[in-house]
Amino acid sequence: MILSSLLSISIFTTLTTYAETEVKPFYSGTILLPGIEQALVLNHRNRRESGGFSAMWLSKDCKTTWFISDYSQVSEGDLKEQPVSKSKWFETKNILDQTGRIKSINVVYSGQLKALDGSVLRGAAESVVWHNNGLLLSLDDTGNLLKYSFNNAYQPKPSVTQIRSALMATPTIAYKQPQLGQGNAGLESITITGDGSILSMWEKFKLSDNVVPVQIIDKQGDAISTNYRAVSSPKDITTLQSGEIIVLEKDWLGAKGSRLRLSLLDQKSLKTSNELSSVSLFDRTELGYDNFEGMASCTANGKEWIYLVSDDNGDWHTKDVEEKGRERQKTLFIGFEVNKLLSHQ
């Protein structure tokens with residue numbers, strides 16, 4: 001069965017590795033989605049052990065993915081009745097087709113993110129990005145950014161092993177930021193801009209909100225506060241090789257389905273305006289779409305790709321789903337070839 005505890009990180013967390021032939025926490029299959037060239041669905045063996053993928057990172061060659069769960073911020077009462085594994089991360093080995101697109105995903109390692117005191121992080125992980133010597137993580141219940149680092153050496157191009165080591169580290173607070181969101185509208189998105197600044201973007205509090213807060217921390221550590229004119233609610237951002245920034249926005253529109261919008265951040269507004277804006281690249285509402293929250297980019301077969309993953313909210317209690325006659329959400333994984341996407345602007 002599972003070869004556990006190959007490496008003890010603390011009394012709270014261990015690294016788990018999965019042999020090629022054994023049963024995995026989840027497996028990938030294909031699914032048809034309107035407007036999407038090719039899509040995968042990640043099928044979980046047990047929703048209490050895997051799911052809730054809200055943050056994602058990819059190796060530069062697209063061959064490795066790290067999914068991070070935001071489990072769990074449901075009530076303590078619900079957690080006692082239906083306990084879930086909090087803040088788990090999964091490393092996968094990806095198989096690419098001849099075009100360079102990810103066509104299947106195979107879990108090889110898993111662990112649990114730590115909190116500042118070395119215990120298991122209680123949830124709320126939303127976005128992750130590599131920065132200098134480790135992974136920066138945003139949480140939706142605070143504006144602070146945590147840093148997971150395996151050593152202090154500057155490493156602009158980390159290996160798969162170095163990223164895995166960072167995920168197993170005890171974090172520090174890398175940057176203190178105010179919680180600019182209202183209510184449960186948290187810090188959903190972070191990226192490193194072309195000039196090395198850290199861009200943090202909050203989500204909408206209400207569907208009718210026109211702007212969301214943005215904080216930009218430059219390389220000297222100075223912070224600038226501004227806004228982003230959001231069409232839908234921002235869920236993640238990623239910086240392309242060119243330095244251009246893609247924004248992932250999502251809204252649940254009830255009977256109409258889920259709206260997915262990908263947009264290109266206006267670089268002029270990033271430098272000269274008090275309010276950031278973007279131009280739409282993909283904007284579609286479908287019942288088959290789900291709760292897309294994580295995004296990352298990579299390059300394979302000479303093409304740059306961005307991939308999105310959806311949060312299935314698998315930590316929700318059965319009384320809020322099955323007992324109300326609702327279907328469980330899916331974990332969807334979709335990719336876009338960047339050049340094709342940019343041609344739509």
Side-chain angles (χ1 to χ4, degrees), residues 2-10 13-22 24-28 40 42 50 53-69 87-97 99-114 121 125 127-138 146-171 174 190-192 236 238-241 294-309 331 333 335 338:
I2 294 175
L3 305 175
S4 300
S5 305
L6 285 188
L7 177 62
S8 293
I9 306 306
S10 74
T13 56
T14 55
L15 175 69
T16 300
T17 188
Y18 301 89
E20 190 71 29
T21 56
E22 68 180 304
K24 309 298 170 65
F26 60 89
Y27 62 92
S28 65
L40 298 178
L42 307 185
S50 69
F53 298 159
S54 190
M56 177 175 68
W57 191 244
L58 280 159
S59 61
K60 294 296 183 183
D61 61 5
C62 301
K63 293 181 179 179
T64 306
T65 311
W66 291 270
F67 298 104
I68 299 176
S69 172
S87 300
K88 290 193 77 170
W89 59 265
F90 297 89
E91 179 183 315
T92 69
K93 180 180 179 181
N94 306 328
I95 305 299
L96 313 182
D97 66 18
T99 70
R101 183 187 296 274
I102 297 173
K103 69 175 185 179
S104 67
I105 286 173
N106 185 38
V107 182
V108 288
Y109 293 102
S110 71
Q112 284 177 284
L113 288 179
K114 292 182 183 179
L121 187 69
S127 186
V128 66
V129 65
W130 186 267
H131 181 247
N132 293 341
N133 66 329
L135 290 164
L136 282 182
L137 183 77
S138 72
L146 300 186
K147 169 65 79 68
Y148 291 81
S149 179
F150 63 95
N151 62 38
N152 292 323
Y154 176 67
Q155 181 54 263
K157 297 181 180 180
S159 67
V160 168
T161 301
Q162 289 170 329
I163 293 175
R164 186 187 312 135
S165 298
L167 285 167
M168 295 187 291
T170 298
I190 53 173
T191 194
I192 308 301
D236 213 347
T238 192
T239 302
L240 303 176
Q241 289 179 337
M295 179 171 61
S297 59
C298 59
T299 302
N301 198 31
K303 302 172 184 176
E304 191 169 14
W305 305 82
I306 59 169
Y307 287 93
L308 280 57
V309 69
T331 301
F333 183 82
V338 169

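Heavy-atom basis, side chains included; hydrogens, waters and symmetry copies ignored.
The two residues I102 and L40 come nearest to each other via the heavy atoms O-CD1, 4.2 Å. Taking each heavy atom of V128 and W57 in turn, the nearest pair found is O-CE3, 3.6 Å. Across all non-hydrogen atoms, the minimal contact from L58 to C298 is CD1-SG, 3.9 Å. The minimum heavy-atom distance between T191 and V129, with the atom names listed, is CA-CG2, 4.3 Å. Considering all non-hydrogen atoms of both residues, T17 and E22 come closest at O-OE2, 3.8 Å. Of all heavy-atom pairs spanning S297 and I306, the tightest one is CB-CG2, 3.8 Å.
Between the side chain of N151 and the main chain of A153, a donor-acceptor pair closer than 3.5 Å is present. Side-chain N or O atoms of N94 include one that pairs as donor or acceptor with a backbone N or O of C62 at under 3.5 Å. Distance alone, capped at 3.5 Å, places no donor-acceptor pair between the N132 side chain and the Q155 backbone. A donor-acceptor pair under 3.5 Å is absent between the side-chain atoms of N106 and the main chain of K93, judged by distance alone. Side chain of S28 to backbone of S104: no donor-acceptor contact under 3.5 angstrom is found. Although no hydrogens or angles enter the test, the distance criterion places no donor-acceptor pair under 3.5 Å between the side chain of R101 and the main chain of L96. The closest donor-acceptor contact from the side chain of Y148 to the backbone of K114 lies under 3.5 Å. Between the side chain of Q112 and the backbone N or O of T14 there is no donor-acceptor pair closer than 3.5 Å. Judged by distance alone, the side chain of S138 and the main-chain N or O of S127 form a donor-acceptor pair under 3.5 Å. No donor-acceptor pair under 3.5 Å is formed between the side chain of S54 and the backbone N or O of S69.
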>> Working note: V107 + F67, criterion side-chain contact (heavy atoms from CB on, under 4.5 Å); need CA distance, chi angles, decisive distance, verdict.
In response: CA-CA 10 Å; V107 182; F67 298 104; over 6 Å; no
> What's the verdict on side-chain contact (heavy atoms from CB on, under 4.5 Å) for N133 and K147, showing C-alpha distance, side-chain angles and the deciding distance?
Replying inline: CA-CA 9 Å; N133 66 329; K147 169 65 79 68; 3.0 Å; yes
> Do W89 and L113 pass the side-chain contact (heavy atoms from CB on, under 4.5 Å) test, and can you show the C-alpha distance, the side-chain angles, and the key distance before you say yes or no?
Replying inline: CA-CA 7 Å; W89 59 265; L113 288 179; 4.1 Å; yes
> How far apart are the C-alpha atoms of Y307 and T65, what are their side-chain angles, what is the distance that settles it, and do they pass the side chain to side chain donor-acceptor pair (under 3.5 Å) test?
Replying inline: CA-CA 10 Å; Y307 287 93; T65 311; over 6 Å; no
>> Run T331 and V309 through side-chain contact (heavy atoms from CB on, under 4.5 Å) and show every step you take.
In response: CA-CA 7 Å; T331 301; V309 69; 3.9 Å; yes
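Heavy atoms of other residues, nucleotides or ligands lying less than 6.0 angstrom from NZ of K60 number 12 at most.
The CH2 atom of W305 lies 10.5 Å from the OG1 atom of T299; values are rounded to the nearest 0.5 Å. Annotation: the span from L136 atom CG to H131 atom NE2 amounts to 6.0 Å, rounded to 0.5 Å.
Legend: residues meeting side-chain contact (heavy atoms from CB on, under 4.5 Å) with D61, ordered by chain and number and at least two apart, are S59, K63. Applying the ring-ring contact (aromatic ring centres under 6.0 Å, His included) criterion to F26, with sequence neighbours excluded, gives H44, F53, F90.
The closest side-chain heavy-atom distance from V108 to Y18 is not below 4.5 Å. Side chains of W66 and M56 form no contact here, defined as non-hydrogen atoms less than 4.5 Å apart.
Under the 3.5 Å distance criterion, with hydrogens and angles disregarded, no donor-acceptor pair is assigned to the side chains of T64 and E91.
Among L121, L167, I190, the single residue meeting the side-chain contact (heavy atoms from CB on, under 4.5 Å) criterion with L137 is L121.
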Taking only distance into account, with no hydrogens and no angle test, what donor-acceptor pairs under 3.5 Å do side-chain atoms of residues 156-163 form with protein atoms, sequence neighbours excluded?
from : atom 1 : to   : atom 2 : distance (Å)
S159 : OG     : Q162 : N      : 3.1
S159 : OG     : Q162 : OE1    : 3.4
Q162 : OE1    : S159 : N      : 2.8

